[in-house]
Amino acid sequence: MAPFEVPDLDYTEYSNRQLVALPLGMLALALGILAVTFVATGAPLSLGLEFTGGAELTLDTEADREEVEAAFDQEVTSIQPVQGEDRYIVQFAAGELPGFEDDSQGVLQDLVEQAEANLEPADEGEGLVQSESLTSASFGAQTQTTALLGIAAAFFGMSIIAFALFRTFVPSVAIVVSAFSDIMIPLAFMNLANIDLTLGTVAALLMLIGYSVDSDILLNNHVLRRSGGFYESVHHATRTGITMTVTAMTAMAVMAISAWFFGVELLTSIGLILFVGLAADLMNTYLLNFSLLRWYKFEGVAR
């Protein structure tokens, strides 16, 4: 097996403005996508059933996806087939179900009756509806608030640790800005890939915050606390950091492909989000964070 070689980038050939152009351009594009989505839908991301409230049915039937969707008068939010089984998980958002807030049990029973009237069970003698559940809109809103507070608390805690470790403004801000971009780019990707914000994808975003600060601290620590020249320190940090990140990206790609093959939608989404976030972290750490560090070492300190 051929050894993995980290390519050397001659940073001296590029100015700081040239290096930050790409990461800042990608960050601006990501914020633009989120802003357009917010204006169009009232939320920067498409929210899953845990955050909006609604109803979910698990159906055993040999009918195809189109037939399952056509079986209901109400608009179906998502239909997830279960790999290897004649089974579908069908979800309905609370906002698409008239009367849900006043009589959610009645609405759920109506959905069950529609399914039983228009679809045949996979096995004779077995039931069509294997399970049914409800999430109220108010509970979904509370869950949404809790999840957003969790992300904000994680990001704030990461920022505090960065400032406590380096106690200098520019290197600490470089870590925070890089981590902010590492989160915004995957969020924009979720919009483009039609991935909902759910409790599972929130967990992926929290993992990204941890990984982002890890690679940025590695670079800052080599440059600010170790002996040797600036570019020599960057080279050592780059070899370790890129090897770590590319290895993690490979693992996430394998997980996403495997989960997609077996029809596990949540793991596919988590793998894709982490893969894109880690790719953004490579760019932000070794272009954006590096440029701010170089400005600080050669221009900021001199002032």
Side-chain angles (χ1 to χ4, degrees), residues 16 19-20 23-24 26-28 30-31 34-35 38 44-45 51 142-190 197-227 230 233-234 236-238 240-242 244-245 248-249 252 270 273-274 276-301 303:
N16 289 334
L19 292 177
V20 300
L24 290 183
M26 290 295 292
L27 176 59
L31 293 175
L34 295 172
F38 180 79
L45 291 168
F51 297 146
Q142 292 176 3
T143 306
Q144 178 184 346
T145 302
T146 303
L148 293 177
L149 286 176
I151 293 176
F155 195 86
F156 181 73
M158 177 275 297
S159 304
I160 294 297
I161 290 174
F163 277 92
L165 281 176
F166 296 103
R167 299 178 183 177
T168 46
F169 184 73
V170 174
S172 303
V173 166
I175 293 175
V176 174
V177 172
S178 180
F180 177 75
S181 183
D182 287 350
I183 301 300
M184 292 300 110
I185 291 174
L187 288 178
F189 167 77
M190 289 170 64
L197 185 69
T198 63
L199 291 176
T201 54
V202 166
L205 297 173
L206 292 174
M207 284 189 276
L208 266 182
I209 293 175
Y211 196 92
S212 172
V213 70
D214 186 43
S215 57
D216 285 308
I217 286 176
L218 174 70
L219 177 62
N220 286 25
N221 201 48
H222 271 73
V223 169
L224 299 176
R225 294 183 172 176
R226 295 197 175 186
S227 59
F230 176 81
S233 299
V234 169
H236 289 310
T238 301
T240 305
I242 290 181
M244 289 166 47
T245 305
M249 288 175 64
M252 291 304 106
I270 290 176
I273 291 169
L274 288 174
V276 172
L278 291 170
D281 182 59
L282 272 181
M283 175 186 68
N284 288 318
T285 301
Y286 302 107
L287 294 181
L288 179 59
N289 192 6
F290 165 83
S291 301
L292 293 171
L293 276 178
R294 185 167 68 174
W295 179 89
Y296 171 76
K297 288 288 287 186
F298 294 110
E299 298 181 49
V301 173
R303 292 182 179 180

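Computed from a prediction, not measured in an experiment: that's the story for all the values here. What you see below is based on every heavy atom in this structure, not just the backbone, and it leaves out hydrogens, waters and symmetry mates.
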Which pair of heavy atoms, one from [X] and one from [Y], lies closest together, and at what distance?
| X | Y | answer |
| --- | --- | --- |
| P186 | G277 | CG-CA, 3.5 Å |
| V170 | W295 | CG2-CZ3, 3.9 Å |
| A174 | N289 | CB-OD1, 3.0 Å |
| S172 | R167 | OG-N, 4.2 Å |
| P171 | N220 | O-ND2, 3.0 Å |
| L27 | M184 | CD1-CB, 3.9 Å |

Would you indicate whether the side-chain heavy atoms of [Y] and [X] approach each other to under 4.5 Å?
| X | Y | value |
| --- | --- | --- |
| V213 | I161 | no |
| H222 | T238 | no |
| F163 | V176 | yes |
| L187 | L205 | yes |

[atom1] of [X] to [atom2] of [Y]: how many Å apart, nearest 0.5 Å?
| X | Y | atom1 | atom2 | answer |
| --- | --- | --- | --- | --- |
| Q144 | L199 | CD | CG | 11.0 Å |
| D182 | M283 | CG | CE | 8.0 Å |
| L31 | M26 | CG | CE | 11.5 Å |
| L224 | L293 | CG | CG | 5.5 Å |
| I175 | F166 | CD1 | CZ | 4.5 Å |
| L278 | M244 | CG | CE | 10.0 Å |

Task: Any residue meeting side chain to side chain donor-acceptor pair (under 3.5 Å) with S233, in chain and number order, not counting sequence neighbours - done: none
- [ ] May I ask you to check whether Y296 and F230 place their ring centres under 6.0 Å from each other?
- [x] no
Task: Geometric class of the F180/F155 ring pair [parallel <30°, tilted 30-60°, perpendicular >60°] - done: perpendicular
- [ ] Answer yes or no: is there a donor N or O on one side and an acceptor on the other, between the side chain of S212 and the main chain of L208, under 3.5 Å?
- [x] no
Task: Polar contact flag, side-chain donor to acceptor under 3.5 angstrom, Y286-S215 - done: no
Task: Candidate list I151, L148, T143, T146, test side-chain contact (heavy atoms from CB on, under 4.5 Å), partner V202, passing option - done: I151
TODO: Check N284, D281, D216 against S178 for a side-chain hydrogen bond (donor to acceptor under 3.5 Å, both in side chains) and give me the one that passes.
DONE: D216
